[in-house]
Participant: 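Structure below; questions to follow.
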Number of protein chains: 2
Amino acid sequence: MGTAQLTAVPEPKYWHLRTVLLRAIDSEFATGEVIPNERELSARFGVARATLRQALDQLELEGRLVRRRGIGTLVAAPRVGVPVSRREEGWPGGSEQSWQTVDCSIAPATEQLAAALNVPVGETVYTVRRVRLNQGQPVATESLHVPDSALAQLPEIRLSGTAGEAADQGRAVLRRLERLTVEGESRAVELGVAEAEQAALLQRPPGTPVLVVTSQYASGGRLAALAVATYRADTCRLTFGETGLVEVTPVPSAVRTAS
Amino acid sequence: MGTAQLTAVPEPKYWHLRTVLLRAIDSEFATGEVIPNERELSARFGVARATLRQALDQLELEGRLVRRRGIGTLVAAPRVGVPVSRREEGWPGGSEQSWQTVDCSIAPATEQLAAALNVPVGETVYTVRRVRLNQGQPVATESLHVPDSALAQLPEIRLSGTAGEAADQGRAVLRRLERLTVEGESRAVELGVAEAEQAALLQRPPGTPVLVVTSQYASGGRLAALAVATYRADTCRLTFGETGLVEVTPVPSAVRTAS
DNA sequence: GAGTGGTCTAGACCACACT
DNA sequence: GTGTGGTCTAGACCACTCG
């Protein structure tokens, strides 16, 4: 008991390591720089590689590190702010260049989907899949579900190009949606992980943490469309700026006052 | 090459395990039920315990499982929808019972905080810390930063009770804020991890994933307050319902059409 | 081929909750 | 005390990127 009261609260090694590494990457490394490899770091700190990796896992979840197989571990760039609230961004017709239609499928509503769209089971539902790009990199995927009955009052659109192509069909659905007057929209955000399909579109391995944004669009007193978008949690900060009155501050994630 | 094309894409074991376990908890277990312990599951599936734990980690991140030391691993309840957009919820004065003031500190703005609030370094800033409760359980913590200059035009409030108490002081600041007319607010959501202080308030271990909500409130053409709230990512689904026209659907997280 | 991160193993001990 | 999840170890091999 001679050395008592040292680290009276035995904080886990990996958590302490995270703190040490966080300070290091904040002060000694620049964005995009590679930090020493895992075997060297684990040796330097006198821990097993698995323990060191636990610390790196945390920092990666926080978006501070990026690990690339065969390359190394890099200091991540600050997260990019991605607007999701304004209709111009989330709804077809706005800054179109940020969304890119992948394909479209037509199928009768499953029980689950029918309940979410508030339509009878078996009703025809269009599903448009899109990818959102930011500076050339995919940051989100989206599945936009539109029941056929919501499009019924809208004029049909015939495409000039090769009809029948999946992506073209998706674009046709989007064009018709543009003519819809949206009276209300509500959104929900939660944490999820990307399954194989979405992970591939995001160019990330399965299990990648994502922010799942569920958007409901109301028109004519009913639910006209349901969008489920998954944003890369490591690189994205979702912004809901109703009014652009105040510029978005960088990231005061750990704002502390000396109390 | 006799057994070729079997599992041509060698999916990691832990990912496959996750899929199997997910199906199991969806079909064979009820909310709150404990699933077999890790040592038994790892034996049953013929994998090391660390590999099994990797699968459980994923499911816990998705909010499907809750692990309690000394107890076991339980099937988690569906995430609760937590409104964060409407002023009545996030701004003082609304449904007061959901937020509980912890304490308040007064300090000159640090460089970082000054930049975020757009005030000169050293200006007096009130910081009110609150905890948001949902059905008795803490779901979020918040630090609300208010520069003194934003309160200058508001009448002072003298408390009837024991003045000087930290929580009372916080409530006094909140009461004054209620009288402020807010013209604009913008929000950002990103993924983070809870540090020691916040983790304790949320009754979770450090490193717990959280959804960090940064809110800016504008008044009189300037930034009047900055709130940084951390919501438990495992139990919360943040809802941004501008208009309550459409009820929020359960969770169509993996809505798929047979394509 | 050399170096990197990703996966997996088979153990060990600890902290905690119940009985 | 017994059983649970939490941490940690010291290895091994694989998949990928590069020169």
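Here the structure is a predicted model, which means the values were calculated and not measured.
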Participant: Ring-plane angle category for Y231(A) and W99(A), please: parallel below 30°, perpendicular beyond 60°, tilted otherwise.
Facilitator: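 Ring orientation of Y231(A) relative to W99(A): perpendicular.
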Participant: Starting from P on dA15(C), measure out to CH2 on W15(A) and report it in whole angstrom.
Facilitator: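 Atom CH2 in W15(A) sits about 19 Å away from atom P in dA15(C).
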Participant: Can E11(A) and R18(A) be counted as an ion pair, charged N to O under 4.0 angstrom?
Facilitator: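 Salt bridge between E11(A) and R18(A), a charged N being under 4.0 Å from a carboxylate O: no.
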Participant: For R79(A) and A233(A), indicate whether the former's side chain and the latter's backbone hold a donor-acceptor pair under 3.5 Å.
Facilitator: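 At least one qualifying donor-acceptor pair exists.
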Participant: Determine which nucleotide pairs with dT19(C), using a 3.5 Å limit on both distances of a Watson-Crick or G-U wobble pair.
Facilitator: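 Matched dT19(C) with nothing under the 3.5 Å cut-off.
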Participant: Can T127(A) and S143(A) be counted as having a side-chain donor-acceptor contact under 3.5 angstrom?
Facilitator: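 Per modelled atom types, T127(A) and S143(A) side chains form no pair under 3.5 Å.
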Participant: Between the side chains of R132(B) and E142(B), is the shortest nitrogen-to-carboxylate-oxygen separation below 4.0 Å, so that they form an ion pair?
Facilitator: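 Looking at R132(B) together with E142(B), the answer is no, because their closest N to O distance does not fall below 4.0 Å.
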Participant: Without decimals, in angstroms, what is the distance between E38(B) CD and dA10(C) P?
Facilitator: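 Whole-Å distance recorded here is 16 Å.
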Participant: Closest approach to the side chain of Y14(A), judged atom by atom: which nucleotide of dC8(D), dC8(C), dG6(D) is it?
Facilitator: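 Given the options dC8(D), dC8(C), dG6(D), the side chain of Y14(A) is closest to dC8(D).
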Participant: Quick check against the 3.5 Å criterion: does E33(B) have a side-chain atom that pairs as donor or acceptor with the backbone of A30(B)?
Facilitator: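 Confirmed, E33(B) side chain pairs with A30(B) backbone.
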Participant: Where do N or O atoms of nucleotides 16-19 of chain C meet protein N or O atoms at under 3.5 Å, pair by pair?
Facilitator:
none

Participant: Within residues 49-65 of chain B, which residues have any heavy atom lying less than 4.0 Å from an atom of DNA chain D?
Facilitator: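 Only R49(B), R53(B) qualify.
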Participant: Rounded to the nearest 0.5 Å, how far does CG of L61(A) lie from CG of L56(A)?
Facilitator: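 Between L56(A) CG and L61(A) CG, I get 12.5 Å after rounding to 0.5 Å.
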Participant: Looking at OG1 of T208(A) and CD of Q198(A), how far apart are the two atoms once the value is rounded to the nearest 0.5 Å?
Facilitator: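 Reported value, rounded in 0.5 Å steps: 11.0 Å.
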Participant: It should be established whether N37(B) places a side-chain nitrogen or oxygen under 4.0 Å from OP1 or OP2 of nucleotide dT4(D).
Facilitator: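 So the side-chain polar atoms of N37(B) do come within 4.0 Å of the phosphate oxygens OP1 or OP2 of dT4(D), strictly under.
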Participant: Rounded to the nearest 0.5 Å, what separation is found between the CZ atom of R64(B) and the OG1 atom of T31(B)?
Facilitator: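 With rounding to 0.5 Å, CZ (R64(B)) is 8.5 Å from OG1 (T31(B)).
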Participant: Whole-Å distance between dG5(C) C1' and R204(A) CZ?
Facilitator: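 Those two atoms, CZ and C1', are 12 Å apart.
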Participant: Please state whether the phosphate of dT9(C), meaning OP1 or OP2, lies under 4.0 angstrom from any side-chain nitrogen or oxygen of K13(B).
Facilitator: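 Indeed, a polar side-chain atom of K13(B) lies that close.
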Participant: Does a nitrogen or oxygen in the side chain of R39(B) sit under 4.0 Å from OP1 or OP2 of dT4(D)?
Facilitator: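 No, because none of the side-chain N or O atoms of R39(B) sits under 4.0 Å from OP1 or OP2 of dT4(D).
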